[in-house]
Amino acid sequence: MSKRLDPRNWAGWKPFGIGERKPNNYLELWKAFRSVRGNRRYAWRILTQGTCDGCALGTKGMRDWTMDEVHLCNIRLRLLQLNTMPALDPAVLADVTGLERLRSAQLRELGRLPYPMLRRAGERGFRRIGWDEALDLAAERLRDARLGVYLTSRGIPNENYFAAQKAVRALGTNSIDNAARICHSPSTVALKEMIGAAATTCSYKDWVGSDLIVFIGSNPANNQPVAMKYLYHAKKAGTRIAMVNTYREPGMEKYWVPSNAESAVFGTKITDYFFGVNVGGDIGFLNGVLKHLVENGWVDRAFVEEHTSGFDEAARAVSEQTWEELEALSGSTRQQMFELARLLGEARSAVLVWSMGVTQHTYGEDNVRSIVNLALARGFVGRDNCGLMPIRGHSGVQGGAEMGAYATGLPGGLPITPENAQKFSDMWGFEVPTSPGLTATDMIDAAHAGDLDALISSGGNFLEVLPDPGYCRTALARLPLRVHIDIVMSSQMLVPSDEGDVLLLPAQTRYEMEGGVTETSTERRVIFSPEIEGPRIGEARPEWRIFTELAARVRPDLADRVRYTGTPQIRQDIERAVPFYEGIAGLSAFGDNVQYGGRHLCPGGHFGTPDGRGRFSAVALPSLERPDGTFMVATRRGKQFNSMVHERRDGFNGATREAVLMSAYDADRLGLPDGTPVELRGAAGSFTGRVLRAPLMPGNLQIHWPEGNVLLDPVRRSADARIPDYNALVTVARVAP
């Protein structure tokens, strides 16, 4: 990597971007220092000895395996407070009527959950109980119950996911799901189908020195800030960066990497080429790019013929789609599609990266298929500086699905079939159900309909992550039993039960777990995170122990088959159940890791499909109409991690949480100055906010998630992955003063 200064990539000559709108990373350091007052030594040990529990880029302490430099981002700094804060006073929960008005950030600031707590129907709050009483109460209600279990990726390690799914299946159901369902489940479906592997095919090292990186519906500047350092080095190595998105994200235009002297002072120009598309217009644009690749002879014919199948059908499908159709759907032009096709056609190597802007649609699977088609057409799989990367926003998403904490998959990503269920029945010594369970959204539907007896939610907050919070609130209230396992309070815990019990069970963080734990990064690296010396909170327990003890009490005949002596034994069980995790049982010290599959999956064009060939997909254009006078609105992330909002104002664009991001063209056309109060109305609800001009494609809007979830239709989900649609068709009206 070149260490010479390169003014061609500078964002400007003003030192430290003085006067520019951008996050103040050094202020973030000061805020983090203040937030861990009283526990600063412990916080420092977490930073330097632990594996990051933020996004899924994965670090050992403050370093990684991509470059020999310090890595530290704002997301991780903000999470320090959660990991080091003291316990709340249980008396605060004796009457929660006043707490119901607090925002989630204020609830978290109450402190860590220290003890099991119980609230009966009709009671104003919670009272402290012992672990035996809590577990016995839950076990009694779980016998023969219609059960749903959800685990979010709030730093949850592989060991917790694996032990939980095994315990739930011992209870006789596959109804266990995790945050991967509402993030990258369409990626899992499409990648498994087309290349035989449901993970990124490359490593972060492949970014640096690649001819081209294309980000599609992805904004790592907000969601994976450590990645921006990789992009700084990629630009230094001559890599060009393209972005396909509805919004010209400011952080992807210019970024100041605080831990690198050159970038910290002068900033770095990130995106070289921007291609604007409508919300939901990705297939129209990407199919147009494939159409150009075919028509201009930019397809790697040798790779296609030797290593793939289905190309002729895919090529025929796009040839029958007219440029007028592709332009109308995408909101782009034939020439813009040609420009990206030319970049791909001239590139010897490229990495295609995507995220929630691609997956969270009713046709998210086809969005991903259209991306994979481009990589297969150019042979950008299985070699250096090439790959397909569904970048993960949370440290537990990749591992959660691979551990089998998935309603539609068993450990190792195996589909739920009688044959696969029998394999695990023989391995574990109890009968594993043979049909898929309820997904996260199915659980809420079942609860709403009165068809679910109990819900166990480990982390997460259905009121903030799923469409239509009112619908979710009603569903939660109707459950006879809710068990919330977490480290802090959340608003869903405060929803009173109509006629049942609500249990709160305190969990440990990954840094508190005896024996250490592991996470799986976006690049498939399984990384050990040791227990960190420091204060412990009340009677908090590791989630693996909570789930297995519940199963043992419900099914005492299986107690010896579901209990573990500790996390080392769980890792041994993982290695038996998931062969490609070979080596996880040997991880025991800081920095220990194993990257399953090596640097590249599908090496040399040998795919994991039954015939060893990559499969093209003939992707049809979705039916997407926007009547005159309406807008497509997408939900975006601001200064937050998952649904945990850290600041009301986004440092990149100045948007507050009530902002309605609108193109200058549309704002001028409608006579709406910045700050004008407006109401967005859709089929599922309404949202009131204030106009903020932004570099968006005309006809499209963006509002923050989770605030904008009131507009989302809970019925709209993708056909295969069952992911909710986080977009809506709305009208805009000025609100009278």
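The model shown is predicted, which means the values in this text are computed figures rather than measured ones. Atoms considered below: every heavy atom in the structure, side chains included; atoms not considered: hydrogens, waters and symmetry mates.
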(message) Quick test of your reading of the model: are Asp95 and Arg124 salt-bridged, counting only N-O distances below 4.0 Å?
(response) yes
(message) When you compare the side chain of Arg128 with that of Met117, does any pair of heavy atoms fall below 4.5 Å?
(response) yes
(request) Answer yes or no: is there an ion pair linking Glu519 with Arg510, defined by an N-O contact shorter than 4.0 Å? (result) yes
(message) Taking Ser104's backbone N and O only, do any of them form a donor-acceptor pair with Ser491's side chain (distance below 3.5 Å, no angle check)?
(response) no
(message) Show, in sequence, the C-alpha distance, side-chain angles and deciding distance for Thr635 and Asn709, and conclude whether the side-chain hydrogen bond (donor to acceptor under 3.5 Å, both in side chains) test is met.
(response) CA-CA 8 Å; Thr635 49; Asn709 288 2; 5.0 Å; no
(message) Can a donor-acceptor pair be found, under 3.5 Å and without considering hydrogens, that links the side chain of Ser457 to the backbone of Gly459?
(response) yes
(request) Can you run down the side-chain hydrogen bond (donor to acceptor under 3.5 Å, both in side chains) pairs that involve residues 465-476, sequence neighbours left out, and say none if there aren't any? (result) Asp445-Tyr471
(request) Check the pair Asp442, Arg717 against salt bridge (charged side-chain N to carboxylate O under 4.0 Å, His left out), reporting the backbone distance first and the verdict last. (result) CA-CA 11 Å; Asp442 293 336; Arg717 298 168 195 164; 3.6 Å; yes
(request) Using atom types as modelled and distance alone, determine if a side-chain donor or acceptor of Arg141 lies under 3.5 Å from a backbone N or O of Gly500. (result) no
(message) Tell me if a side-chain donor or acceptor on Asn160 pairs with a main-chain N or O of Trp544 at a distance below 3.5 Å.
(response) yes
(request) Examine distances only and state if a side-chain atom of Thr567 and a backbone atom of Gly516 form a donor-acceptor pair shorter than 3.5 Å. (result) yes
(request) Measure across Met443 and Val149 and return the closest heavy-atom pair with its distance rounded to 0.1 Å. (result) CE-O, 3.1 Å
(request) Evaluate side chain to side chain contact (heavy atoms under 4.5 Å, CB included) for Leu57 paired with Ile391, printing each intermediate quantity in order. (result) CA-CA 8 Å; Leu57 270 67; Ile391 194 168; 4.3 Å; yes
(request) Identify whether the distance between the nearest side-chain nitrogen and carboxylate oxygen of Asp453 and Arg143 falls below 4.0 Å. (result) no
(message) Donor-acceptor check, side chain of Asn178 to backbone of Ala405, threshold 3.5 angstrom: yes or no?
(response) yes
(request) Evaluate side-chain hydrogen bond (donor to acceptor under 3.5 Å, both in side chains) for Asn653 paired with Tyr247, printing each intermediate quantity in order. (result) CA-CA 11 Å; Asn653 59 12; Tyr247 179 34; 3.2 Å; yes
(request) Show your reasoning for whether side-chain hydrogen bond (donor to acceptor under 3.5 Å, both in side chains) applies to Glu28 and Asn74. (result) CA-CA 6 Å; Glu28 290 290 334; Asn74 294 341; 4.7 Å; no
(request) With Arg181 as the cation and Tyr406 as the aromatic partner, state whether NZ or CZ is under 6.0 Å from the six-membered ring centre and within 45° of the axis. (result) yes
(request) With sequence neighbours excluded, tell me which residues meet salt bridge (Lys or Arg N to Asp or Glu O under 4.0 Å) with Glu123. (result) none
(message) Would you say that Arg112 contacts Thr509 through its side chain, given a criterion of any heavy-atom pair below 4.5 Å between the two side chains?
(response) yes
(request) List for me each residue that meets ring-ring contact (aromatic ring centres under 6.0 Å, His included) alongside Trp30, sequence neighbours excluded, and say none if there are none. (result) Phe33
(message) Using a strict threshold of under 4.0 Å (side-chain N to carboxylate O), is an ion pair present between Arg545 and Glu514?
(response) no
(request) Say whether, by atom type as modelled, one donor and one acceptor occur between the side chain of Ser497 and the main chain of Leu479 under 3.5 angstrom. (result) yes
